[in-house]
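Worksheet for the structure shown next.
Order of listing sets the numbers, starting from 1, for every ligand and every atom in it.
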Amino acid sequence: FCKLQDRIIDDCSCNVDTVDHFNNVKVYPRLRSMLTKNYFRFYRVNLKRECPFWVDDSKCAIKYCHVEACHESDIPPGLKGASKSKTCSAKKYLQPKGCDDDHNDELGYLNTTISAKAEEDFVLWQAHDDAQDKFCDINENDNDAEYVDLLLNPERYTGYKGKSAHRIWNSIYMENCFRPDNTYNAYIESELLKGMCLEKRVFYRAISGLHASINIHLCANFLKLESGGISLASPKGEWGPNVDEFNRRFSSSKTKGEGANWLANLYFLYLLELRALAKAAEYLRKEPFYTGDEAQDWDTQLAVQDLLNVITKFPDHFNESIMFSGGQEMKKLKKEFKEHFRNITRIMDCVGCDKCKLWGKLQIQGLGTALKILFDHDTSWPKAISQKRVFNLERSEIVSLINSVGRLSTSIYELDEFRQLSR
Ligand code: FAD
C-alpha cells in the first residue's frame, strides 16, 4: 500500500499526499473534538427493521456486536422534542420538518392556498415528498427508532465475518453497483470499471471507499485476545491496531494488487463527502444545532463554522458539476443511481451484527445525504437557498453526514499510523 503515496486519486484532481496533509493536520483534529458534542453524539436509528431480501439467519453472538442502549435521562431535552419552538424560530425559511408554523415559504404557500380539502392538501405534500426522491430509505421518525449514543458504541472489530458479511458485500457489489454484464469477478477493479461512465464509476468507488474505511477501523481497533481467555461470548483482551490484519486486507501481495485501489477509493469518497459539506456550508452556518443547552449549542455552532471555514478553502474539491449533465439518458441514469442507492440502504437491515448495522446505516445515510446535496439540486442549489426555496436537511441527515466525514477522516489518519507501524 506504500504505492499509494503520490498517487493521483482517480476521478479527482489531487493526490493522496495533499489529502493526507490537509486531513491529518486540519480536518481530523477539528472533527475529533466536534463529534463529542451532544448534537452529533446521539443518533436516532431503527435497528429492528426486518431484512426485506432474505431470512435473517445471522444473529451475532459475540459480545462486541451488541449496541449499548441509551438511558432516557442521557438524551438532551432538545432532542426529545421538549422544546421544538426554539429550533423552529431559529431559521425562518430553513426549518426542520415538524415545526408547526409556516415552516418554509414555498410549502407554506401551497398549504394555505390549495388546502381547501385536507385530502388534496395531503396529495400535494405527498407529491412534494416524492419529488424530493430521497437517496435513503431511512426514516428517523420511525416509531421503532431509538437514540444511540455513538461514543458509547465505537466502530471497531466485532468478529462479524463469514457467509453473512460476504452476502451483504456481495449483494451490494453484484446487484446494486453498476456492473458490466461480462464481469465475472466483482472484486477485480480494473475489470469492473472497464468502459464504465463517470457516474457509474463514482457509485462503485464510493461503496468501495466505504468498505475500505469500515475494514480499516476494525484493523485499527482490533481485539488482541489474551492467551487462553478465548470465549466468543465474552472474549478478553486489549484493543489496538493490528498490522497483520491490515496487511492481510490491503497489501498488494495478499490482494492481487487491489488493496491500493481500495484505499484510493477511500480518499475518493472522503473528497466527495467533503465537497458536499462545502456545498452545504451556507445552510449549515445557519443551523442552530439545538439540544436545549444554550452554551453547548453555541459552542457547536462555533466548531462547525471553524470546520467549514477550513473545508471551503480546500482548493481541490471533487467536481460534481460534470455529472448527470445531459438529456433524457442522464435523467434515466440518475434515477437508476438513486434506486440502486436506496436498495443499499435497505440491505443494511440485513447486516447480522447490531454494531456493524448501526455504523453501516449511519455511514450509508451520511453518503446518501452527501449525494442529495451534490445531485438533487444541481447547480441551482445555492441559488435555491438565497431565493428561499425549499431545501431541508433533517437532523439525522446532518448528524450522519458529519459523523461519516468523521469516520473517513479517522480512516485516513489511521492509515498514516499503519504506515508508521509498518516501517
Ligand atoms: P470482506 O471485507 O468481507 O470483503 C469481501 C471481499 O470483498 C474481499 O474478499 C475482497 O475481494 C473484496 N473487497 C474487500 N475490500 C474491498 C473494497 N474496499 N472494495 C472493493 N472490494 C473489496 N466487522 C467488524 O469487525 N466491525 C464492524 O464494525 C463491521 N462493520 C460492517 C458493516 C457492514 C455494513 C458490513 C457488510 C460488514 C461489516 N463488518 C464489520 C465485517 C467486515 O467488513 C468484513 O466483512 C469481515 O471482517 C470479513 O472480512 P473478509 O476479509 O472476509 O473480506
For ligand 1, does [X] get within less than 4.0 Å through its side chain, its backbone, both, or neither, judged by non-hydrogen atoms?
X      : result
Tyr157 : both
His217 : neither
Leu218 : side chain
Trp359 : neither
Lys355 : neither
Glu258 : neither
Ile207 : neither
Tyr204 : side chain
Lys357 : neither

When you measure from the side chain of [X] to the backbone N and O of [Y], does any donor-acceptor pair fall under 3.5 Å?
X      : Y      : answer
Arg395 : Tyr39  : yes
Asn221 : Tyr157 : no
Lys80  : Glu72  : yes
Tyr283 : Leu393 : yes

Geometric class of the Phe246/Phe250 ring pair [parallel <30°, tilted 30-60°, perpendicular >60°]: tilted

For [X], counting its heavy atoms only, list the atoms of ligand 1 lying under 4.0 Å from any of them.
X      : result
Arg248 : 51 (O)
Tyr173 : 17 (C), 19 (N), 20 (C), 21 (N)
Ala212 : 18 (N)
His166 : 3 (O), 5 (C), 50 (P), 52 (O), 53 (O)
Ala165 : 45 (O)
Ile168 : 36 (C)
Met348 : 34 (C)

Ligand 1 contact by Gly159, heavy-atom criterion under 4.0 angstrom: yes

Closest approach of His217 to Thr410 (non-hydrogen atoms, all atoms of both residues): NE2-CB, 4.0 Å

Pairing of [X] and [Y] as salt bridge, 4.0 angstrom limit:
X      : Y      : result
Arg7   : Asp17  : no
Arg249 : Asp244 : no
Arg248 : Glu245 : yes

Option with minimal heavy-atom separation from atom 38 (C) of ligand 1, where the choices are Tyr64, Phe222, Tyr160: Tyr160

For atom 1 (P) of ligand 1, the option (of His211, Lys256, Arg156, Glu245) bearing the nearest heavy atom: His211

Distance-only donor-acceptor check, side chains Asn319 and Ser321, under 3.5 Å: yes

SG atoms of Cys350 and Cys51 less than 2.5 angstrom apart: yes

Axial cation check for Phe318 ring with Arg275, 6.0 Å and 45° limits: no

Contact check: Lys161 vs ligand 1, nitrogen or oxygen atoms, below 3.5 angstrom: no

N/O separation below 3.5 Å, Glu155 to ligand 1: no

CZ on Arg205 to CG on Leu271, rounded to 0.5 Å: 12.0 Å

